[in-house]
Amino acid sequence: MSSTHAIPVRDHLLGLQDRICAALEAEDGRARFREDATSGEGGTIARPRALEDGEAIEKAAVHFTHARGDRLPPAATARRPELAGARFEAVSLSLIVHPRNPYAPTSHMNLRFFSTGGTEASSGWWFGGGFDLTPYYAFEDDAVHWHRVARDACRDFAPDAYARFKKWCDEYFYLKHRGETRGIGGLFFDDLCEGGFDHTFAFVRRVGDAYLDAYLPILQRRKAAPYGEREREFQLHRRGRYVEFNLVYDRGTLYGLQSGRRVESVLASLPPLVRWRYAYRPEPGSPEARLSEEFLKPRDWLANE
């Protein structure tokens, strides 16, 4: 039996999955998403979709899940220890796009809703999610556009929402062992239930609807740019950072593995090709060096607006 709140979230995220997949297929022009819908114990429903070997998109995954369980996994209670052992219902949409062209950035979005039941202390609901951008080459106009759309999605939620969720994103997508951010950030929020369900859900809908507005213009600008072996090798090197974050730090990956999800779906966010070179350093002064030395630093991208 679904909670009253979970039903509208489920319906919205299913529709959003359809819209995003259709838009990405149209942008690629060749590849199509494969769907492997499943159902499991306790009413779990999964609708994972993956696209591979496209013209513009080397790999994309857009996964919907609606799950119920008797006990929240540890990754979901790390920040909320009072919820350990609580029954739960979770609805989520998670996506990743790895373009083929090294000048086109990887993008990621996740939207999730949790409701819990049990003791008075462990009952409640909250939203989490956001979107972030991981470029391989530094384009200021791409970063400004991405953050402008993120800011506009936050306008009606709270006066400090963009600044707060941007800072949270910069801090979350950070590789401590490398001492660098994964990308240029965007929005990240968790345990969000401000102003009641309707107010928070309206904000989450705006974030989800903003993703295509934020990403497609960038992909359209970069997907046909000429590139060579040097750029491709650097792209594969930087994808290694993406893999390191997802397997070492990402709460969503840990949650999926701990909750017994289909491993193919949990790890679908990983790029199809990646490379690690021992003690690799870009040539000083090169565009590749500029990425980490100058671009992947938290900053106010909209300071001049």
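Given the structure is predicted, the values throughout are model-derived calculations rather than measurements.
Geometric assessment of Arg182 against the ring of Tyr242 yields a positive cation-pi assignment under the 6.0 Å and 45° thresholds. Geometrically, Arg299 engages Trp301 in a cation-pi contact, judged by NZ or CZ lying under 6.0 Å from the ring centre and within 45° of the ring axis. Cation-pi check for Arg222 over Phe139 is met; the charged atom lies under 6.0 angstrom from the ring centroid and within 45 degrees of its normal.
A salt bridge links Asp18 and Arg47; the closest N-O separation between the charged side-chain nitrogens and carboxylate oxygens is under 4.0 Å. Arg49 has a carboxylate O that lies under 4.0 Å from a charged side-chain N of Glu35, or vice versa, which qualifies the two as a salt bridge. Salt bridge status for Arg238 with Glu288: absent, with no side-chain N to carboxylate O gap under 4.0 Å. Between Arg164 and Glu194, at least one side-chain N (NZ, or NE/NH1/NH2) sits under 4.0 Å from a carboxylate O, which counts as a salt bridge. Between Arg148 and Asp152 there is no salt bridge, since no side-chain nitrogen of the basic residue lies less than 4.0 Å from a carboxylate oxygen of the acidic one.
Using cut-offs of 30° and 60° for the angle between ring planes, the Trp125 and Phe127 rings count as perpendicular. Between Phe197 and His5, the ring-plane angle classifies as parallel under the 30° and 60° cut-offs. Taking the six-membered ring where tryptophan is involved, the planes of Phe173 and Phe188 are perpendicular, since the angle between them exceeds 60° and thus also 30°.
Taken to the nearest 0.5 Å, the CZ atom of Phe165 stands 5.0 Å off from the CZ atom of Phe203. Rounded to the nearest 0.5 angstrom, Glu305 CD and Asp300 CG are separated by 9.5 Å. Atom OH of Tyr215 is separated from atom NE2 of His145 by 11.5 Å, given to the nearest 0.5 angstrom. Distance check, rounded to the nearest 0.5 Å: NE2 of His199 to CG of Asp156 gives 8.5 Å.
A donor and an acceptor atom, one from each side chain of His66 and Glu89, are located under 3.5 Å apart.
The minimum heavy-atom distance between Ala31 and Glu25, with the atom names listed, is O-CG, 3.9 Å. The minimum heavy-atom distance between Ala104 and Leu219, with the atom names listed, is CB-CD1, 4.1 Å.
Here salt bridge (Lys or Arg N to Asp or Glu O under 4.0 Å) pairs that include residues 240-249, with residues two or more places apart or in two chains, are Arg178-Glu244, Glu180-Arg241.
Leu95 and Val149 are assigned to two separate hydrophobic clusters, defined by single-linkage of ILVMFWY side chains at heavy-atom distances under 4.5 Å. The hydrophobic cluster containing Trp168 also contains Leu187, counting ILVMFWY residues as joined when their side-chain heavy atoms lie under 4.5 angstrom apart, directly or transitively.
Residue Glu229 places its CD atom among 12 or fewer non-hydrogen atoms of other residues, nucleotides or ligands, all under 6.0 Å distant.
Between Tyr162 and the options Arg151, Arg155, His147, a side chain to side chain donor-acceptor pair (under 3.5 Å) holds for only His147.
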